[in-house]
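For reference, the structure discussed in these notes is given below.
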2 protein chains.
Amino acid sequence: MKNELIKGTLKTIILHLLEKEGRMYGYEIVQKVKSLSHDKVLLTEGALYPALHKLEAEGWLIAEKESIGKRVRKYYSLSKKGKIVSKEKINEFKEFIDSMRLVLNIELK
Amino acid sequence: MKNELIKGTLKTIILHLLEKEGRMYGYEIVQKVKSLSHDKVLLTEGALYPALHKLEAEGWLIAEKESIGKRVRKYYSLSKKGKIVSKEKINEFKEFIDSMRLVLNIELK
DNA sequence: CAATATACATAAGAAAGTTAGGCATAAACA
DNA sequence: TGTTTATGCCTAACTTTCTTATGTATATTG
């Protein structure tokens with residue numbers, strides 16, 4: 001999906017996955033989205049990592065480094081605020097879909 | 001809707017409305033989208049007009065100026081190519097929604 | 001032991017908006 | 001009748017968000 005539509009959904013995706021999974025690291029998020037979407041949504045690391053940093057700076061994510069052998073993974077989870085924002089983002093997305101359905105006059109199963 | 005999600009949908013909206021209505025001018029498109037979406041989707045002219053020009057340059061739209069009193073309206077309609085692209089864009093949007101539904105695990109009525 | 005996968009990160013540039021103007025005519029209202 | 005609001009077009013500076021291209025390093029697989 002070389003799709004400009006994906007733009008703007010990245011934060012929503014991250015927040016939602018962390019809410020569902022509890023705790024994930026960046027690379028894992030990329031793989032998860034890829035598999036959930038049957039290889040349709042391919043997050044790029046150039047977009048993902050800056051987004052994670054921004055969400056952390058915003059206070060919505062908590063980051064913890066963890067050593068796996070000689071490598072360091074950075075796990076993210078939702079802060080209290082992040083859990084609230086996560087739900088808000090999902091609702092915004094649903095409203096967006098509803099609006100678009102009205103404008104584009106399309107049915108969604 | 002101060003929503004970054006709308007980004008990327010503008011061309012799809014324009015093409016679809018022109019397909020449905022046949023012939024519209026810029027200002028009319030703004031009003032139509034506003035009313036269809038119950039004031040949720042408010043296109044800005046700063047985004048709309050450049051988009052119309054780009055679609056015309058691409059060969060997807062045909063523009064015709066029409067004098068209304070002393071004012072000039074610019075009507076747009078779909079070219080043959082534009083009609084094809086319009087359908088493609090709608091399909092892309094539907095696929096996008098399907099993918100997002102998988103990733104976000106949400107139900108849409 | 002070379003290629004691929006895992007895992008993080010940044011930086012330059014492109015794309016698509018927002019915000020803030022500008023210009024002009026027509027209609028509505030006080 | 002004069003001012004505000006609506007109609008109708010437009011552009012330019014700036015911002016946000018993403019893509020593309022790198023860089024670095026360890027682990028696994030053939």
Side-chain angles (χ1 to χ4, degrees), chain A residues 1-15 23-35 39-58 60-61 63-76 89 92-93 96 99-100, chain B residues 1-15 23-35 39-58 60-61 63-76 89 92-93 96 99-100:
Chain A
M1 184 163 273
K2 36 150 202 4
N3 203 321
E4 69 229 291
L5 296 168
I6 301 291
K7 281 200 183 194
T9 62
L10 182 53
K11 288 178 189 171
T12 305
I13 291 173
I14 293 171
L15 292 170
R23 195 162 177 273
M24 297 181 88
Y25 53 98
Y27 191 82
E28 190 184 8
I29 293 174
V30 175
Q31 302 308 318
K32 187 73 180 178
V33 171
K34 182 173 145 82
S35 76
D39 293 16
K40 290 285 176 57
V41 181
L42 305 174
L43 303 186
T44 60
E45 298 185 321
L48 180 71
Y49 289 115
L52 286 170
H53 301 160
K54 204 171 288 181
L55 291 173
E56 187 191 355
E58 206 97 41
W60 300 347
L61 299 190
E64 292 164 303
K65 288 185 182 174
E66 194 162 307
S67 289
I68 308 293
K70 282 184 184 171
R71 276 201 301 219
V72 176
R73 264 187 206 160
K74 210 162 153 190
Y75 275 96
Y76 291 92
K89 290 281 182 188
E92 271 177 31
F93 188 77
F96 159 68
S99 294
M100 287 301 290
Chain B
M1 185 163 271
K2 37 149 204 4
N3 203 320
E4 69 227 293
L5 296 167
I6 301 290
K7 285 197 181 195
T9 62
L10 182 53
K11 287 179 189 170
T12 305
I13 290 173
I14 294 171
L15 292 169
R23 195 163 175 273
M24 298 180 90
Y25 53 99
Y27 191 81
E28 190 185 8
I29 293 174
V30 175
Q31 302 308 318
K32 187 72 179 177
V33 170
K34 181 173 145 81
S35 76
D39 294 15
K40 290 285 176 58
V41 181
L42 305 175
L43 302 186
T44 61
E45 298 185 322
L48 180 71
Y49 290 114
L52 285 171
H53 301 160
K54 205 170 286 181
L55 291 173
E56 187 190 357
E58 206 97 41
W60 299 348
L61 299 190
E64 291 163 305
K65 288 185 184 173
E66 194 162 307
S67 289
I68 307 293
K70 282 182 182 170
R71 276 203 297 221
V72 177
R73 266 190 206 156
K74 210 162 154 192
Y75 276 95
Y76 291 91
K89 289 282 181 188
E92 271 178 32
F93 187 77
F96 160 68
S99 294
M100 286 303 289

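For clarity, every value in this text was computed on a predicted model and none was experimentally measured. Every chain is numbered from 1 and lettered A, B, ... according to where its sequence line falls, protein lines coming before strand lines.
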**Prompt:** So do the side chains of V30(A) and L42(A) get within less than 4.5 Å of each other, counting heavy atoms only?
**Reply:** no
**Asked** Between R73(A) (CZ) and dA5(C) (P), how many Å, whole number?
**Response** 17 Å
**Request:** Apply side-chain contact (heavy atoms from CB on, under 4.5 Å) to M24(A) and I14(A), showing your working.
**Result:** CA-CA 9 Å; M24(A) 297 181 88; I14(A) 293 171; over 6 Å; no
**Message:** Would you say Y49(B) places a side-chain N or O within less than 4.0 Å of OP1 or OP2 belonging to dC9(D)?
**Reply:** yes
**Nearest heavy atoms of Y76(A) and A63(A), plus distance in Å** = CE2-CB, 3.6 Å
**Prompt:** Roughly, in whole Å, what's the span from NZ in K32(B) to P in dT7(D)?
**Reply:** 15 Å
**Message:** In this structure, how many angstroms lie between the C1' atom of dT7(D) and the CD1 atom of I29(B), rounded?
**Reply:** 15 Å
**K74(B) side-chain proximity, nearest of dC10(D), dG8(D), dA7(C)** = dC10(D)
**Request:** Write down the distance between CG (L5(A)) and P (dA16(C)), rounded to a whole number of angstrom.
**Result:** 11 Å
**Request:** Decide yes or no for E28(B) and R73(B): does some side-chain heavy atom of the first lie under 4.5 Å from some side-chain heavy atom of the second?
**Result:** no
**Prompt:** Please give, in whole Å, the distance from dA16(C) C1' to L55(B) CG?
**Reply:** 12 Å
**Complete:** Scoring nucleotides 12-30 of chain D by protein non-hydrogen atoms under 4.0 Å (B base, S sugar-phosphate only, - none) yields -----BSBB-----BS---
**Prompt:** Looking at NZ of K7(B) and CD1 of I6(A), how far apart are the two atoms once the value is rounded to the nearest 0.5 Å?
**Reply:** 15.5 Å
**Message:** Between C1' on dC9(D) and CD on E66(B), what's the gap in Å once rounded to a whole number?
**Reply:** 15 Å
**Request:** Indicate whether OP1 or OP2 belonging to dC8(C) is found under 4.0 Å from a side-chain N or O atom of H53(A).
**Result:** no
**Message:** Any carboxylate oxygen within less than 4.0 angstrom of a Lys/Arg side-chain nitrogen, looking at E92(A) and K11(A)?
**Reply:** no
**Asked** Do the side-chain N or O atoms of Y27(B) get closer than 4.0 angstrom to the phosphate oxygens (OP1, OP2) of dT7(D)?
**Response** yes
**Request:** For K65(B) and dG8(D), give me the distance from atom NZ to atom P, rounded to whole Å.
**Result:** 16 Å
**Request:** Measure from CD on E28(A) to C1' on dC8(C) and round the result to the nearest Å.
**Result:** 14 Å
**Message:** I need the minimum non-hydrogen distance between T9(B) and L5(B), along with the two atoms involved.
**Reply:** CG2-O, 4.0 Å
